[in-house]
There are 2 protein chains.
Amino acid sequence: MGAELSVTENEAKYLKLIYRGQCEESTKVRTTAVAKSLGVRPATVTEVIQNLSEKNLLWYRRYHGVELTKEGIAEAQKLLRKHRILEILFTDILKYNTQRACNESSKLDYHASMSLINAICKAYGHPEICPCKKVIFSDPKCKKK
Amino acid sequence: MGAELSVTENEAKYLKLIYRGQCEESTKVRTTAVAKSLGVRPATVTEVIQNLSEKNLLWYRRYHGVELTKEGIAEAQKLLRKHRILEILFTDILKYNTQRACNESSKLDYHASMSLINAICKAYGHPEICPCKKVIFSDPKCKKK
DNA sequence: TCTTAAATTTAGGGAACCCCTAAAATATAT
DNA sequence: ATATATTTTAGGGGTTCCCTAAATTTAAGA
């Protein structure tokens, strides 16, 4: 099984942020920007990034940006799938606006099991986009039939 | 505001367990039992209990049991309210059985904001018992009207 | 009661995480 | 080229959770 990855909740936050920047907005992900975004110091960001790099979730070249590896992308997509399925649930049941749904989802996504997410996904007919129109990544274990 | 309480996720686990034993099953809560239940050593339980005691969530007398304080009871009820409202959601939407609903809820309850819980509560007509027939504590901020 | 077994607590550590400041190194823009 | 901005090292610190081994204390049996 190669590297055993276990991402902490904090690291998950970084992954989601980096994925959004890099893969969804094609932005170069900068240390300072991440730091501002998360309310920590740049040195802290560097440290966390180095940890993620050791877990093979991203490539890291000193003083240059980072790039998610295949595993990092997979992990980020898993997290964002959870996040967005939860958004679907909250906007539907609770009539939350996208902003609020996103906030609540951010608190829970990391902790939701994929099987819970898949059950919600099924209940909502396997939606393909979230309330803010972003892609909901599919999971092979989540059967449409 | 007196004591500033901020319970960690782990401490929350202890609180829920102690509350269930003490208030719902009138059992004397023993260190060893808690340890077995949570899969840790007795010494660890003692330590966490001492921390909870410093946060004024329970009374602690060495070698004798513990007893939740008013604040501890309130905190536990808050957590269990979240837990049970989530159970309602999962059994309804996902057709989960009570066991599974409980498992998933345990992972999320601590992280769900009370406002999210109240929104779900409202969507389900302010239920008073959870799927396993236990009381769902009410929240003054959760209006029935 | 006395003694022993069971339960509980201290003492003393350790590991994982996350965060910081100050100082150095590197990159970039003029 | 050089000044400025960005990023990284170096060196710490705090919290939380967990453990083992050695006391204590309680409780139960003889």
Side-chain angles (χ1 to χ4, degrees), chain A residues 3-18 21-22 25 27-68 72 75-76 79 106-107 109-111, chain B residues 3-18 21-22 25 27-68 72 75-76 79 106-107 109-111:
Chain A
E4 194 51 57
L5 57 97
S6 73
V7 179
T8 67
E9 183 169 8
N10 192 56
E11 287 170 344
K13 247 187 339 195
Y14 281 75
L15 276 184
K16 286 184 283 183
L17 190 69
I18 293 170
Q22 194 160 80
E25 284 150 40
T27 306
K28 200 179 171 199
V29 177
R30 298 194 153 289
T31 301
T32 308
V34 173
K36 262 181 198 138
S37 183
L38 298 180
V40 296
R41 296 305 184 137
T44 305
V45 173
T46 301
E47 197 187 355
V48 173
I49 278 174
Q50 285 168 347
N51 290 150
L52 288 171
S53 161
E54 264 163 32
K55 292 181 181 176
N56 294 308
L57 294 169
L58 47 76
W59 296 108
Y60 168 63
R61 266 188 54 222
R62 285 189 348 307
Y63 297 103
H64 297 274
V66 298
E67 198 184 334
L68 293 172
E75 186 63 29
L79 289 163
S106 296
K107 293 180 205 143
D109 53 11
Y110 175 79
H111 300 94
Chain B
E4 195 50 56
L5 57 97
S6 73
V7 179
T8 67
E9 184 169 8
N10 191 56
E11 287 171 344
K13 251 193 331 201
Y14 281 75
L15 276 183
K16 286 184 283 182
L17 190 69
I18 292 170
Q22 194 159 82
E25 284 150 40
T27 305
K28 199 177 172 201
V29 177
R30 299 196 152 288
T31 301
T32 308
V34 173
K36 263 182 197 137
S37 182
L38 297 180
V40 297
R41 297 305 184 138
T44 305
V45 173
T46 299
E47 198 187 353
V48 174
I49 278 174
Q50 285 168 348
N51 289 149
L52 288 171
S53 161
E54 264 163 33
K55 292 180 182 177
N56 294 309
L57 294 168
L58 47 77
W59 296 107
Y60 168 62
R61 265 188 54 222
R62 288 195 335 314
Y63 297 103
H64 298 274
V66 297
E67 198 184 333
L68 293 173
E75 186 62 29
L79 288 163
S106 296
K107 292 179 205 144
D109 52 11
Y110 174 80
H111 300 93

* Any side-chain N or O of A:Arg62 less than 4.0 Å from the OP1 or OP2 oxygen of D:dT9? -> yes
What's B:Thr44 touching, base or sugar-phosphate or nothing? Going by heavy atoms closer than 4.0 Å.
base
**Asked** NA contact type, A:Glu47, heavy-atom cut-off 4.0 Å: base, sugar-phosphate, or nothing?
**Response** base
So, with a heavy-atom separation below 4.0 Å from DNA chain C, the residues of residues 27-34 of chain B are B:Arg30, B:Thr31, B:Thr32
Looking only at C:dT9, D:dT26, D:dT8, the nucleotide nearest the A:Tyr60 side chain is D:dT8
Here the distance between atom P of D:dT16 and atom CG of B:Leu38, to the nearest Å, is 18 Å
Whichever of A:Val40 and B:Arg61 has the more 5' nearest nucleotide on DNA chain C, that residue is B:Arg61
Testing D:dT9, D:dT16, D:dC18 for proximity to the side chain of B:Lys55, the answer is D:dT16
Between the CG atom in A:Leu58 and the CD atom in A:Gln50, the distance rounded to the nearest 0.5 Å is 10.5 Å
Original post:
Does a side-chain N or O from B:Thr8 land closer than 4.0 Å to OP1 or OP2 of D:dT15, or not?
Top reply: no
**Prompt:** Can a side chain N or O of B:Asn10 be found less than 4.0 Å away from OP1 or OP2 on D:dC18?
**Reply:** yes
Practice prompt. Report yes or no: does B:Tyr110 contribute a side-chain atom to a donor-acceptor pair with the main-chain N or O of B:Val7 at less than 3.5 Å?
Written response: yes
To the nearest angstrom, the CD-C1' distance between A:Gln50 and D:dA10 comes to 12 Å
B:Glu9 meets the side-chain hydrogen bond (donor to acceptor under 3.5 Å, both in side chains) criterion, sequence neighbours left out, with B:His111
Output for pair (B:Glu11 CD, B:Lys16 NZ), nearest 0.5 Å, gives 13.0 Å
Taking for B:Ala43 and for B:Tyr63 the nucleotide of DNA chain D with the nearest heavy atom, the one nearer the 5' end belongs to B:Ala43
- Is the shortest heavy-atom distance from the side chain of A:Leu38 to the side chain of A:Val45 under 4.5 Å? no
Closest of D:dT9, D:dC18, C:dT8 to the B:Tyr14 side chain is D:dC18
The nucleotide from D:dT20, C:dT9, D:dT16 with an atom nearest the side chain of B:Arg41 is D:dT20
Is there a side-chain contact between A:Leu57 and A:Leu52 (heavy atoms, below 4.5 Å)? yes
- Query: Hey, are the side chains of A:Leu68 and A:Leu15 touching, using non-hydrogen atoms and a 4.5 Å cut-off?
  - Reply: yes
When rounded to whole Å, the CD to C1' distance for the pair A:Glu11 and C:dC17 reads 9 Å
Rounded to whole Å, CD of A:Glu9 lies from P of C:dC17 at a distance of 13 Å
To the nearest angstrom, the CG-P distance between B:Leu15 and D:dT16 comes to 14 Å
### Query
Is there a side-chain polar atom (N or O) of A:Asn51 under 4.0 Å from OP1 or OP2 of C:dC18?
no
Whole-Å distance, A:Glu54 CD to C:dC18 C1', equals 15 Å
One should read off an interatomic distance between A:Thr46 OG1 and A:Tyr60 OH, to the nearest 0.5 angstrom, of 5.0 Å
